[in-house]
J.: 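For reference, the structure I am asking about is given below.
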There are 2 protein chains.
Amino acid sequence: MARKSFSEVATELRQLIDDGAFQRFERLPPSRKLAEDMGVARNTLRDAFYQLEKEGLLKTRAGSGTYVTAVEQERVPAAVEDATPLELIDARFALEPHICRLCVLHGRREDFELLEILCQTMEGAVDNPVAFAEADTAFHRALSASTRNNLLIWLIGQINTVRSLDEWTRMRHLTLDEQIIRHYNAQHREVLNALRSREPERAAVKMKEHLETARHSLMRAAEA
Amino acid sequence: MARKSFSEVATELRQLIDDGAFQRFERLPPSRKLAEDMGVARNTLRDAFYQLEKEGLLKTRAGSGTYVTAVEQERVPAAVEDATPLELIDARFALEPHICRLCVLHGRREDFELLEILCQTMEGAVDNPVAFAEADTAFHRALSASTRNNLLIWLIGQINTVRSLDEWTRMRHLTLDEQIIRHYNAQHREVLNALRSREPERAAVKMKEHLETARHSLMRAAEA
DNA sequence: CCTTTTTAATCCAATAATAGTCCAATTTTA
DNA sequence: TAAAATTGGACTATTATTGGATTAAAAAGG
């Protein structure tokens, strides 16, 4: 095997297409020129073409040229890292109400004790937005942990790694005046009460109300 | 024993492969270069190769190179990989009803056309469990795509990579008789109808009913 | 000192990439 | 419409690289 293997060339081309150097439906340079540009024999380039054609990225037409037919799926991290605050809150809208239901089913005494402590911490931080936000995050994390569903816990954890979360919490801090914090605290308390009295649907509804409030204050912050 | 024994070299290589320095199906550097890099004679490296080949980690092809054939690589934490089918369906219970609501909000004409095609495909596959399961997966995937929420799309994608999914689909195939498929088809149709008439809550309810049915047939299969 | 293992230096066989040529399909030009 | 130019496709012989194998020397260990 000499200088550059056809699979290396294929990887290189995949990268170029992924980076947008060649757009969809665009015709690539003639194989002779492209082979020269890539410092590789035309045969090798053809093997790489054949590989990418199998993968459905390219389509070559004799006499005409080789065309890009598809663009690789975006990398996994990018989709998540670049999630907007609105996408993020929609995801929480999907997950957290049902997490409340599961908490009623699987939550243990120590879970409710932890949630109670966090609730009290938040109630004692009406004039300290930073401390409140910290306890708030812990509250929602403890909620997911109480389901004993490792998959859900992991999903919530992934959501919390989203880069835009920084932006989101920053925005939240802007909106976190004493009035809003008292409002949130009342909602957290309602959720916890519903969980304690083992009413899954009421807990879910209260969580939805809470998230709706959060969404509104977020959008108000976005406008400003 | 001289400087570095072949078994030490083998251990070193095993570690490199485990750490992902060499990916699966990747070709290792030429034995001459690799031997030099590891500060060892080519003979010794070859003995290490032979050892790892016996273990099934490597495959050498004369004239071509030495390739990684297997790798114990855990992309996600074990807790997630080992998620049980029940945890999995609970996660879907959390996500999919809300995805229905978002589909009503953000779904486009082409989304509903795709869902319609997939519905018809499933309806034409009442006597073909394999084809049905394939279209079923595509249906739920298309549903998540219609939300235009990249974070949710990614979360659903992650759920679909869970290893236990194999076990789950295998179980499903066991339960997929013609009667169940007809039942699922009716439920899919109800969901699609609710989505089309822009009724988010009804769509969510119908999806919950569908997942409840799936959970029941799954648990019945688990008992057997 | 003797055995074992690693090293070192070759040569060989297998495989892959290269270079060159001609052909067929398509597009462009006259 | 027909000719010319351009493009990818196919094939061959050549060259370079890679692993395989053998041998003898050096090093390590008992």
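Sequence lines set the chain letters: A, B, ... in the order given, protein chains first and strands last, and positions in each chain run from 1.
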J.: To the nearest 0.5 Å, how far apart are CD in E96(A) and NE2 in H140(A)?
T.: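 So the gap between those two atoms works out to 5.5 Å.
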J.: Let me know, please, whether V40(B) or Y67(A) comes out on the 5' side of the other along DNA chain C by nearest nucleotide.
T.: V40(B)
J.: Side chains of H188(B) and D136(B): do they bring a donor and an acceptor to under 3.5 Å?
T.: yes
J.: Check the distance between dA17(C)'s P and E12(A)'s CD and give it to me in whole angstrom.
T.: 14 Å
J.: Is it true that K208(A) and E212(A) have a side-chain N and a carboxylate O under 4.0 angstrom from each other?
T.: no
J.: With no hydrogens and no angle check, just 3.5 Å: does a side-chain donor-acceptor pair link S7(A) and Q51(A)?
T.: no
J.: In the 5'-to-3' direction, what one-character label does each nucleotide of nucleotides 7-12 of chain D receive under the scheme B = base within less than 4.0 Å of a protein heavy atom, S = sugar-phosphate only, - = no such atom?
T.: BBBBBB
J.: Drop me the distance from E110(B)'s CD to L114(B)'s CG, to the nearest 0.5 angstrom.
T.: 9.5 Å
J.: Please report the distance, rounded to the nearest Å, between CD in E8(A) and P in dT17(D).
T.: 14 Å
J.: Could you check how far NZ of K33(B) sits from P of dA16(D), rounded to whole Å?
T.: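 One finds 21 Å between P of dA16(D) and NZ of K33(B), rounded.
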J.: Provide, to the nearest angstrom, the distance between the NZ atom belonging to K59(B) and the P atom belonging to dG19(D).
T.: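 Distance check: K59(B) NZ to dG19(D) P gives 15 Å.
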J.: Please give, in whole Å, the distance from dT17(D) P to L34(B) CG?
T.: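 Nearest whole value for this atom pair: 18 Å.
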J.: Expressed as a whole number of angstroms, how long is the span from F6(A):CZ to dT17(D):P?
T.: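 So the CZ-P distance, F6(A) to dT17(D), works out to 19 Å.
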J.: Measure the spacing between CG of L57(A) and OG1 of T69(A) and express it to the nearest 0.5 Å.
T.: 6.0 Å
J.: Round to the nearest Å and state the distance from Y50(A) atom OH to dA17(C) atom C1'.
T.: 19 Å
